[in-house]
Amino acid sequence: MAYWLLKSEPDVFSFADLQAVRREPWNGIRNYQARNFLRQMVPGDLGLFYHSNTQPPHIAGVLRVVREAYPDDLQFDPASEYYDPKSSAEALRWSMVDVGAVAAFPQPVTLEDLRALPEWAESPLVRRGNRLSVMPLSEAEFQAALRAGGLPETTS
DNA sequence: GCCAACGTTGGC
DNA sequence: GCCAACGTTGGC
């Protein structure tokens, strides 16, 4: 079981949106490091849903990976902002996974809250200028965030 | 292969 | 709105 953090701007797609649709392809990732993490995901892995570009930035809930990485169809759609003319089925560039909502945090955990948690001291998320939108978490980071958010540690 | 210019992310 | 961080692009 691996743990992850996935960022989304809530104005674009929020945790409440994920709860409403139940299941969603995590598409539009156009960064190689983030893509490589997507490809490491396994159904059953748990993740934190982070709301970026909002005031204050915060973790809103827990998600679960429900389908392993497969081709992100937006890379082949010329009408999409995520279209990539250099990608092809033979030389695939971008992947996505499907995720589902597990539970909303009773208390959203802000970036400031995370900085106060000793378990998060080494996380790139709490460092200035971090732009990675998909990153692995240690079990200690994951569980500490759940505690801070008011969820029991066993959400699986 | 280097690196300057540029673009994007995302906190503040 | 500003700007730090940093990935990408393209000239050479």
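This is a predicted model, so every value here is computed, not measured.
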**Study point:** Listed partners of A/D17 passing side-chain contact (heavy atoms from CB on, under 4.5 Å), at least two apart
**Key:** A/F13, A/S14
Practice item. Using only heavy-atom distances, determine whether the side chains of A/Q75 and A/S87 contain a donor-acceptor pair under 3.5 Å. Key: yes
Check your understanding: What residues, two or more places apart in sequence or in another chain, satisfy salt bridge (charged side-chain N to carboxylate O under 4.0 Å, His left out) together with A/R30?
Key -> A/D72
Check your understanding: Can you name the side chain to side chain donor-acceptor pair (under 3.5 Å) partners of A/Q33, sequence neighbours left out?
Key -> none
Exercise for review: Send over the distance from A/K7 NZ to B/dG10 C1', rounded to a whole Å.
Suggested key: 7 Å
Point to revise | Taking every non-hydrogen atom, the tightest pair across A/A148 and A/L117 | key: CB-CD1, 4.2 Å
**Study point:** A/Q55 CD to B/dG11 P, straight-line distance once rounded to whole Å
**Key:** 9 Å
Practice item. Taking atom CD of A/E112 as the centre, report whether more than 12 heavy atoms of other residues, nucleotides or ligands fall under 6.0 Å from it. Key: no
Check your understanding: With respect to the side chain of A/S133, which nucleotide from B/dG10, C/dT8, B/dG11 is positioned closest?
Key -> B/dG10
Exercise for review: For A/R35 and A/S95, run side-chain hydrogen bond (donor to acceptor under 3.5 Å, both in side chains): C-alpha distance rounded to whole Å, both residues' side-chain angles, the deciding distance at 0.1 Å, then the answer.
Suggested key: CA-CA 6 Å; A/R35 180 207 68 182; A/S95 300; 5.7 Å; no
Point to revise | Pairs satisfying ring pair (Phe, Tyr, Trp, His ring centres under 6.0 Å), at least one member in residues 49-74 of chain A, at least two apart | key: A/F15-A/F49, A/W26-A/F49, A/F49-A/H51, A/H51-A/H58
Check your understanding: In whole angstroms, how far is the C1' atom of C/dT8 from the CZ atom of A/R35?
Key -> 15 Å
Check your understanding: Which whole-number value in Å describes the distance from A/Q33 CD to B/dT8 C1'?
Key -> 15 Å
Practice item. Inspect the surroundings of CD in A/E9 and state if more than 12 heavy atoms from other residues, nucleotides or ligands are less than 6.0 Å away. Key: yes
Review point. Atom CG of A/N31 and atom C1' of B/dT8: how far apart are they, to the nearest Å?
Key: 11 Å
Point to revise | Gap between atoms CZ and P, on A/R127 and B/dC12 respectively (whole Å) | key: 14 Å
Check your understanding: Roughly, in whole Å, what's the span from NE2 in A/H58 to P in B/dG10?
Key -> 14 Å
Practice item. Mind checking side-chain contact (heavy atoms from CB on, under 4.5 Å) for A/E139 and listing every partner two or more places apart, or none if nothing turns up? Key: A/Y3, A/Q143
Point to revise | Neighbour count above 12 (heavy atom, 6.0 Å) for A/R22 CZ | key: no
Practice item. Go through residues 9-18 of chain A and report each residue with a non-hydrogen atom lying under 4.0 Å from DNA chain B, sorted by number. Key: none
Review point. Within the structure, does a side-chain N or O atom of A/Y50 lie under 4.0 Å from either OP1 or OP2 of B/dT9?
Key: no
Study note, to complete from the structure: In numerical order, the residues of residues 111-125 of chain A whose heavy atoms come under 4.0 Å of DNA chain B are A/L111, A/R115
Check your understanding: Which residues satisfy the side chain to side chain donor-acceptor pair (under 3.5 Å) test with A/N36, sequence neighbours excluded?
Key -> none
**Study point:** Whole-Å gap separating C1' (B/dG10) and CD1 (A/I59)
**Key:** 16 Å
**Study point:** Pairs satisfying ring pair (Phe, Tyr, Trp, His ring centres under 6.0 Å), at least one member in residues 77-122 of chain A, at least two apart
**Key:** A/Y32-A/W94
Exercise for review: Return the set of residues passing side-chain contact (heavy atoms from CB on, under 4.5 Å) with A/R115 (not counting sequence neighbours), or none when no residue passes.
Suggested key: A/L111, A/V126
What protein N or O atoms touch nucleotides 5-7 of chain B N or O atoms at under 3.5 angstrom, if any, and at what distances?
residue: B/dG7; atom: N2; partner: A/R131; partner atom: NH1; Å: 3.2

If you restrict it to nitrogen or oxygen atoms, what contacts under 3.5 Å exist between nucleotides 2-4 of chain B and the protein, and what is each distance?
none

